[in-house]
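Below: one structure, written as structure tokens.
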Amino acid sequence: MLKLKTNIFILLFACFATANAQTNAYKFKREITGVNSLWHSMKLPDGLYKNANAGFEDLRIFGIKGKDTLEVPYLLKQRADQIISKEIDFKPVNESANANGYYYTFELKNVTEINQINLAFKEANFNWDVTLEGSNSNSEWFTILKDYRILSIKNKDTDYQFTKLSFPNSKYQYLRLMIKSPVKPGLLEALINKTDTVKGTYQDVKYKTFELKNNTVDKETVIDVALENPVPLSYLKLNAQSDFDFYRPIKIEYATDSFKTDKGMQYNYAPLFEGTISSLEKSDFNFQNTIASKLKITIQNNDNKPLRLNGLALKGNLYEIIARFDNPKLTYALYYGNEKVTAPSYEIEKFENEIPTILTAVTIGNQKENPAYSIKIEKPLFENKTWLWALMAVIIALLGWFSYKMLKN
């Protein structure tokens, strides 16, 4: 009877050790509930980003039942906007001028919807108003844009252009562009496009602090923004106002790490976006989805009066896992918190088109410390008492042997 109990204990211990062998390198785990089919999706919770690796190499899903441990293959997706732009063929058919300005007429090879025209000019500096009209007969014209401003400024402080015409979807055989200019514009190129945006999945991000400083020495405005926790960020909208038109260089950075100094906590930053903030365009800035907890926004004012800035809006793309659960009867959990592991490689990446488009979402629970987590720390040789006693025994034996040899001689 005792032997039977011993065998059962050994078997249970072996099962437990086998299950832990794959999971003991991960500090944290979150239980996954609701698994009842082959394919499921799950949204990564905000609290995970603080303890997971920056590139998510350490994310693993394991299913455990007794001695069975199964690693679940998955795909990690972020739902960002997808911009699809199609260039439309056309030919110039007329160029003329009158007291109102200079006219350029284009004929589309096929009547199709358009919503954007990109213009390029010889001139490096100009400030013009344009009107865009459409017609299907080249005689009766309908207004698409009126007194639409385009601008180019290039000097030692600024290199800025705004020459993109954006308008609601329009469908005409002919387009006529009128530029109000005292001299003939050097129009180099016009590109007519149909641009569509497939909206991604975003979540609003609230910030904890918003600290603004106008640096008169460096002639710049610096905004420090702190968030509650590290979260994905890919969009920033700045509420900027002025009594006059403006166009100024702007740089958006995020803190990568911090260190203490005599002057307090200091941060190292990496770039997210560099461009121009202008009264002619929306103050919306898109950049690659990045896990961040602190931002620094720098606006170069040069010799101009600082802008009035009263808050901002932040958004980030959601990260979503699509996973294949081969055995729904197992108990599943998401593991992470392993700085040494490399990213997994699963075959489902090659067969993504076979994954169902409609997936049931499962629930990721609260973060827990992984009870199986263990790291073997090797102590220095001379901190190990066993080695010290063994070494002392060897030394005593050698001293005794030499003493015996000396006395014998």
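- Atom CG of L132 and atom CE of M178 lie 11.0 Å apart (nearest 0.5 Å).
- Of all the heavy atoms in R248 and I299, the pair that sits closest is CB-CG2, 4.1 Å.
- Using a 4.0 Å cut-off between charged nitrogen and carboxylate oxygen, D129 and K146 do not count as a salt-bridge pair.
- Expressed to the nearest 0.5 Å, how far CZ of R79 lies from CG of N289 amounts to 12.5 Å.
- No salt bridge links E107 with K109; every basic N to acidic carboxylate O contact stays at or beyond 4.0 Å.
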Kindly determine whether I114 and N169 satisfy side-chain contact (heavy atoms from CB on, under 4.5 Å), including the steps that lead there.
-> CA-CA 5 Å; I114 64 168; N169 290 348; over 6 Å; no

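- By the 4.0 Å N-to-carboxylate-O rule, D245 lies close enough to R149 to be salt-bridged with it.
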Check the pair E339, N53 against side chain to side chain donor-acceptor pair (under 3.5 Å), reporting the backbone distance first and the verdict last.
-> CA-CA 7 Å; E339 297 178 355; N53 293 356; over 6 Å; no

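- Y160 and Y247 have parallel rings, their planes meeting at less than 30° on a 0 to 90° scale where 60° marks the start of perpendicular.
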Go through the steps to decide whether Y319 and F56 satisfy the test ring-ring contact (aromatic ring centres under 6.0 Å, His included), and finish with yes or no.
-> CA-CA 10 Å; Y319 280 96; F56 304 112; 4.9 Å; yes

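- Annotation: the span from S170 atom OG to E133 atom CD amounts to 12.0 Å, rounded to 0.5 Å.
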Apply salt bridge (charged side-chain N to carboxylate O under 4.0 Å, His left out) to K368 and E31, showing your working.
-> CA-CA 9 Å; K368 298 178 181 178; E31 295 179 358; 3.4 Å; yes

Tell me, with the steps shown, if N304 and N301 meet side chain to side chain donor-acceptor pair (under 3.5 Å).
-> CA-CA 5 Å; N304 303 294; N301 298 317; over 6 Å; no

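- For the atom pair E57 CD and Y336 OH, the distance stands at 15.5 Å (nearest 0.5 Å).
- Between K260 atom NZ and S258 atom OG the span is 9.0 Å, to the nearest 0.5 Å.
- Ring centroids of Y235 and F285 are separated by 6.0 Å or more, keeping the two rings apart.
- Salt-bridge annotation for D196 and K194: present, with a side-chain N of the basic residue lying under 4.0 Å from a carboxylate O of the acidic one.
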Evaluate side-chain contact (heavy atoms from CB on, under 4.5 Å) for L238 paired with I223, printing each intermediate quantity in order.
-> CA-CA 11 Å; L238 193 59; I223 305 169; 4.1 Å; yes

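- Between E71 and R60, at least one side-chain N (NZ, or NE/NH1/NH2) sits under 4.0 Å from a carboxylate O, which counts as a salt bridge.
- Contact detail for V231 and Y49: the closest heavy-atom pair is CA-CD1, 4.2 Å.
- Using a 4.0 Å cut-off between charged nitrogen and carboxylate oxygen, K180 and D147 count as a salt-bridge pair.
- For the atom pair NZ (K294) and CG (D224), the distance works out to 4.5 Å, reported to the nearest 0.5 Å.
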Does the pair Y202 and L318 meet the rule for a side-chain contact (heavy atoms from CB on, under 4.5 Å), with working shown?
-> CA-CA 6 Å; Y202 293 83; L318 297 178; over 6 Å; no

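- For the 3.5 Å distance criterion, the side chains of D81 and T197 fail to qualify, holding no donor opposite an acceptor.
- By the 4.0 Å N-to-carboxylate-O rule, E220 lies too far from K213 to be salt-bridged with it.
- Checked against the 6.0 Å centroid threshold, Y346 and Y74 count as a close aromatic pair.
- For Y335 and F62, the distance between ring centers is under 6.0 angstrom.
- Ring pair F106/F90 is perpendicular by interplanar angle, where above 60° counts as perpendicular and below 30° as parallel.
- Classified by interplanar angle (parallel below 30°, tilted 30° to 60°, perpendicular above 60°), the ring pair F142/Y172 is parallel.
- Note: W128 and F126 have parallel aromatic rings, judged against thresholds of 30 and 60 degrees for the angle between ring planes.
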Take L44 and L76, measure what side-chain contact (heavy atoms from CB on, under 4.5 Å) needs, and give me the verdict at the end.
-> CA-CA 10 Å; L44 292 187; L76 182 63; 3.9 Å; yes

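- Closest heavy-atom contact between R176 and Y103: CD-CD2, 3.8 Å.
- Ion pairing between K77 and E320 fails under the 4.0 Å rule for side-chain N and carboxylate O.
- Among T363, I322, I61, the single residue meeting the side-chain contact (heavy atoms from CB on, under 4.5 Å) criterion with M42 is I61.
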